[in-house]
Amino acid sequence: MNSPRQPLPTFDEVLLCTPQTSAEQVGLFLRRCLIPCPGGDKIYTMLYADELSYDVSCRAEELFQRLQCYNSSYRLIILCNCERENSYLPSAFSHYKVHMIPQRSQAEIQQYLQHHFRVPQPSNSAAAVFKEHMCVGIVSSKRAGMGK
């Protein structure tokens, strides 16, 4: 995010973990991250790694330990809920733990995202219903279950 020209992460750089995420999905993701390939300047991110099942987490750690020797310059970020940092995977990687403080203001982050999520004006897109022709929007309500 150092420049508005830097792209957003691509689909292969992010793994959104849920309790249903399989060991195969995590394995493919770790292989992409840890086995060197041309154009390897990507930053890989596992989101909500604390949601993985115990079995999948164990297999992920084992695979990481085996593949880590193939690439000493990998870039992997594992994000998890701070209330669940004692689950298996966050605990296994706790010696790599870094507490992050955002280096950019909220306004700068919003401006960067707006740059990437804005649809060009002369298009017949559903983005026309969102503020400033954004292709992403958040609809929320203080009252649950009101048909959002």
Side-chain angles (χ1 to χ4, degrees), residues 1-37 39-119 125-127 129-132 134-148:
M1 203 188 104
N2 292 327
S3 153
R5 301 288 175 238
Q6 285 183 310
L8 292 169
T10 58
F11 70 94
D12 65 328
E13 293 176 84
V14 179
L15 179 64
L16 180 60
C17 301
T18 68
Q20 290 75 37
T21 302
S22 69
E24 289 76 22
Q25 290 171 305
V26 175
L28 287 171
F29 179 78
L30 288 174
R31 283 180 179 84
R32 280 195 301 265
C33 173
L34 296 169
I35 295 177
C37 63
D41 292 345
K42 296 182 176 187
I43 300 172
Y44 294 89
T45 306
M46 289 179 71
L47 298 170
Y48 304 114
D50 53 293
E51 294 281 330
L52 295 173
S53 70
Y54 180 80
D55 180 51
V56 171
S57 295
C58 290
R59 291 174 64 184
E61 182 195 14
E62 289 171 13
L63 182 61
F64 176 83
Q65 297 301 335
R66 278 188 284 137
L67 295 177
Q68 184 180 3
C69 64
Y70 291 106
N71 187 357
S72 61
S73 63
Y74 65 90
R75 298 194 288 181
L76 174 63
I77 298 169
I78 301 175
L79 295 173
C80 52
N81 184 337
C82 64
E83 294 173 2
R84 293 179 41 96
E85 66 184 346
N86 293 325
S87 58
Y88 186 87
L89 208 56
S91 295
F93 288 91
S94 64
H95 56 283
Y96 296 108
K97 186 183 212 175
V98 175
H99 289 281
M100 282 292 300
I101 297 172
Q103 300 297 308
R104 304 281 185 206
S105 69
Q106 182 177 357
E108 288 176 304
I109 294 169
Q110 287 173 337
Q111 187 176 30
Y112 172 80
L113 292 173
Q114 284 175 353
H115 173 77
H116 288 286
F117 289 127
R118 184 168 288 124
V119 174
S125 168
V129 299
F130 286 115
K131 180 180 172 186
E132 298 177 8
M134 295 291 139
C135 64
V136 174
I138 298 174
V139 178
S140 65
S141 172
K142 293 183 180 175
R143 295 174 50 194
M146 297 306 294
K148 295 177 284 301

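These numbers come from a predicted model, not from an experiment.
- Distance check, rounded to the nearest 0.5 Å: OG of Ser22 to CG of Leu52 gives 9.5 Å.
- A pairwise comparison of heavy atoms in Val26 and Ala60 identifies CG1-CB, 3.5 Å as the closest pair.
- Within 6.0 Å of the OH atom in Tyr54, the count of heavy atoms belonging to other residues, nucleotides or ligands does not exceed 12.
- Rounded to the nearest 0.5 angstrom, Arg32 CZ and Leu15 CG are separated by 7.5 Å.
- Contacts of Arg31 classified as salt bridge (Lys or Arg N to Asp or Glu O under 4.0 Å), with partners at least two apart in sequence or in another chain: none.
- Under a cut-off of 6.0 angstrom, the local environment of OH in Tyr48 is sparse, with at most 12 non-hydrogen atoms contributed by other residues, nucleotides or ligands.
- Side chains of Leu8 and Tyr112 form a contact here, defined as non-hydrogen atoms less than 4.5 Å apart.
- Between the OG atom in Ser94 and the CG atom in Leu89 there is a gap of 10.5 Å [rounded to 0.5 Å].
- The two atoms that bring Cys33 and Arg75 nearest to each other are SG-O, 4.0 Å, heavy atoms only.
- Under the rule for a side-chain contact (heavy atoms from CB on, under 4.5 Å), the partners of Glu83 that lie at least two apart in sequence or sit in another chain are Asn81.
- Between the side chains of Thr10 and Asp12, at least one donor-acceptor pair of N or O atoms lies under 3.5 Å.
- No side-chain heavy atom of Arg66 sits under 4.5 Å from any side-chain heavy atom of Leu34.
- With sequence neighbours excluded, the residues satisfying ring pair (Phe, Tyr, Trp, His ring centres under 6.0 Å) with Phe64 are Tyr74, Phe93.
- Shown here for Ala49 and Met46, the closest heavy-atom pair between the two residues is CB-CE, 4.3 Å.
- Between Glu108 atom CD and Gln111 atom CD the span is 7.5 Å, to the nearest 0.5 Å.
- Pro90 and Arg84 make their closest contact through CG-O, 4.1 Å (heavy atoms, listed as atom of the first residue, atom of the second, distance).
- Proximity of a side-chain donor or acceptor of Glu13 to a complementary backbone N or O of Ile43 within less than 3.5 Å is detected.
- Under a 3.5 Å cut-off, the side chain of Thr45 and the backbone N or O of Val14 do not form any donor-acceptor pair.
- To the nearest 0.5 Å, the span separating CZ on Phe29 from CG on Leu76 amounts to 6.0 Å.
- Between the side chains of Ser57 and Asp55, not a single donor N or O lies within less than 3.5 Å of an accepting N or O.
- Taking CD1 of Ile78 as the reference point, atom CG of Asp50 lies at 11.0 Å (rounded to 0.5 Å).
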